[in-house]
Amino acid sequence: MRPSSWIEMEGIREIIDIIRDGQEKTAIWIGNDDMGIPRHLLQGEKKSGIISDGRTIRPWFWDGLCAIEGERYVYFEPCRIRPIYEISTSARRNAMKIVRNIAFALRDTKKDFLDLITGIFPLYRIWIYGESDVLILPPDLGDIFAVMRSDERKEAEVNWIIQGNAEKPFLLITEMAELLYFAAAGCFPFSSEAARESGYKEMPLSFYASLPEKTEGLINFIFHAKSREMRDIMGNRDGGENLNWFLIRSESLEWGLENRTEEERDQAILKAESSEEYKAYFQSREKKAKRNAFWRVKGTIIIVATVLTLSIGGFLWSYIGNLLEPPLTKDLEPEGIIEAFYAAQSDCNPDGLMTALKGFDAPQQMEVMNLYVSTRTRMAYESFDPLVNAAEWVSEGKPEVPETSNIYGVVLEEIEQTGENTYQARGIWYTPFPYNEEETFQTEEGSIPVYLYEITQSFTFTWNDRGWWNITDSEITESSFLGAESVGTYPRQRQI
């Protein structure tokens, strides 16, 4: 849901002019006043907000609160003020300047003014003041907004702006990039389930608007910066101090987008999202989202807390050791490392899967971890290893397997070098569960299902100073469902 729709849905004018004690005032709607404001929020001295023009900061004061026809407002001296969301419409031409003014305002403020509980700055505290200045509401007034906003509005103005895989002190930088993305596209990059559930991979900005290459490049870099790059940027700073990096990097960037109406924005979004290229990209994101959501639910169901603690604890010690010792793949060329990578996946060996990785998480890492823990749990309780290595099972002619087994693994079909240090691998993944609910397959008694997916995965390698190759990036670039097979089973008693 886009910002313009929230106000229509709630039937409220966001900003109004009122007469208070015989004087003209400007007022901002806070929320429904059915239950009034909690008394503790009205105690103590009022704090001042700030107005930023990108060069100076000056204080801003609010006069008081009032209720009008069951709605609560905050009022103050008359001024021209607009919601921050208008950077995608009537203030779009000045969006870069406005976002930089926000960064300037937040850079030098104290921690108690920022009040970054979630790591980001709530959008209900940011308003456009005049043409391109920004008004930042004080934290005490922000608390009143937080209490009186509807849950849907708070979700949109806080949680949608959190990029879940970013370092917390880096989140203010990602928020500035998200505002630029919103100004260009008209929607936030991580507001959809598909984006959040697929590793925070947003729809490419090029679907919605054409920005100068360097400007789009900075936004993309911020969204996809690796943990090491974030830590290099942050240093020992936290909170608003990190915004100085954003101000320096964005100072000379061009913007070049013009104002538009809400109707023009919505029509542009509809046109972009109706294209075949967009639909194909969205479907791939949605499939990955469903798969990740599936594993989160299954993981909660099948993992026993004690075993999880012991298993992950041991794994972390092993992982720490791997940071210090050369990996087992140190003498292999990239093709051999990829083969070892998939062999570890087929064995559900998280330690082996990560042995050559550096600075990122593999797309299948959570899947392997969940299966690893669940199989170890069953081994502990049932004295039975339920995991059947799919690559070995296929090479043996797909024989019957012990009842209640899980067939999992990768049959690698092709490894192709696509660039100087980049490779692409294609293979068939065999899984005991479908990645999408609509692909669920019912088998007869005495058999189990196995689901087949053709997967293409890219790998980027870097030669390190210590003398071996590391996988420094990997992504699932293509995925298609091939179908499901019914596999015959036999009672465990037949096992030797």
Side-chain angles (χ1 to χ4, degrees), residues 2-4 50-57 80-107 120-121 123 125-136 160-161 163 166 170-191 195 202-225 233 240 242-273 278:
R2 283 181 277 278
S4 59
I50 56 177
I51 296 174
S52 165
D53 62 3
R55 300 180 301 277
T56 60
I57 290 176
R80 184 190 177 206
I81 193 170
R82 292 176 285 169
I84 185 60
Y85 306 108
E86 291 197 14
I87 58 173
S88 72
T89 54
S90 63
R92 191 170 182 237
R93 181 185 298 118
N94 293 320
M96 175 65 76
K97 184 177 182 181
I98 291 170
V99 172
R100 282 178 47 81
N101 287 349
I102 297 170
F104 181 83
L106 300 182
R107 181 186 63 181
I120 62 98
F121 197 82
L123 296 182
R125 288 181 61 188
I126 306 174
W127 299 80
I128 303 172
Y129 189 92
E131 188 65 25
S132 59
D133 293 357
V134 293
L135 164 64
I136 309 295
W160 284 3
I161 317 300
Q163 186 185 7
F170 195 76
L171 282 173
L172 276 183
I173 293 176
T174 69
E175 184 173 358
M176 298 304 108
E178 288 179 63
L179 286 170
L180 291 176
Y181 181 104
F182 173 78
C187 53
F188 283 103
F190 309 119
S191 60
E202 79 289 353
M203 288 292 175
L205 188 50
S206 56
F207 277 127
Y208 297 104
S210 178
L211 282 176
E213 183 178 355
K214 290 184 178 180
T215 303
E216 185 174 346
L218 177 66
I219 295 171
N220 290 336
F221 170 79
I222 292 173
F223 287 166
H224 303 292
I233 291 169
N242 290 311
L243 289 173
N244 194 59
W245 178 89
F246 173 80
L247 287 168
I248 293 172
R249 294 302 185 280
S250 61
E251 184 174 10
S252 59
L253 294 182
E254 298 177 354
W255 182 245
L257 297 181
E258 292 300 319
N259 293 346
R260 57 185 176 180
T261 64
E262 291 181 359
E263 291 75 17
E264 289 171 336
R265 177 198 62 192
D266 294 345
Q267 288 172 5
I269 292 174
L270 180 62
K271 180 179 178 181
E273 296 180 355
Y278 180 96

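We number each residue from 1, following the sequence as shown. Values below: all heavy atoms of this structure, side chains included; hydrogens, waters and symmetry mates excluded.
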From [X] [atom1] over to [Y] [atom2], what is the distance, rounded to the nearest 0.5 angstrom?
X	Y	atom1	atom2	value
Glu175	Phe121	CD	CZ	8.0 Å
Arg80	Asp133	CZ	CG	11.0 Å
Leu179	Ile87	CG	CD1	5.0 Å
Asn94	Asn259	CG	CG	7.0 Å

Residues 210-223 side chain polar contacts: donor-acceptor under 3.5 Å, at least two apart:
unit_1 : atom_1 : unit_2 : atom_2 : d
Thr215 : OG1    : Glu254 : O      : 2.5
Asn220 : ND2    : Glu216 : O      : 3.3

With Arg249 via salt bridge (Lys or Arg N to Asp or Glu O under 4.0 Å) - residues at least two apart: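 None.
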
For Arg125, all residues meeting salt bridge (Lys or Arg N to Asp or Glu O under 4.0 Å), sequence neighbours excluded: none

Non-hydrogen atoms of Met176 and Leu106 that approach each other most closely: CE-CD1, 4.5 Å

Sequence-distant partners of Tyr278, ring pair (Phe, Tyr, Trp, His ring centres under 6.0 Å), two or more places apart: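 In terms of ring pair (Phe, Tyr, Trp, His ring centres under 6.0 Å), with neighbours along the sequence ignored, Tyr278 is linked to Phe207.
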
Ring pair (Phe, Tyr, Trp, His ring centres under 6.0 Å) against Phe246, all qualifying residues, sequence neighbours excluded: none

Identify every side-chain donor-acceptor pair in residues 95-104 under 3.5 Å, counting partners at least two apart or on other chains, and give the distances.
unit_1 : atom_1 : unit_2 : atom_2 : d
Arg100 : NH1    : Leu247 : O      : 2.7
Arg100 : NH1    : Ser250 : OG     : 2.8
Asn101 : OD1    : Gly54  : N      : 3.2
Asn101 : ND2    : Lys97  : O      : 3.4
Asn101 : ND2    : Ser132 : O      : 2.8

Between the main-chain N or O of [Y] and the side-chain N or O of [X], is there a donor-acceptor pair closer than 3.5 Å?
X	Y	result
Arg92	Ala184	yes
Arg260	Ser88	yes
Arg82	Glu131	yes
Glu178	Phe188	no

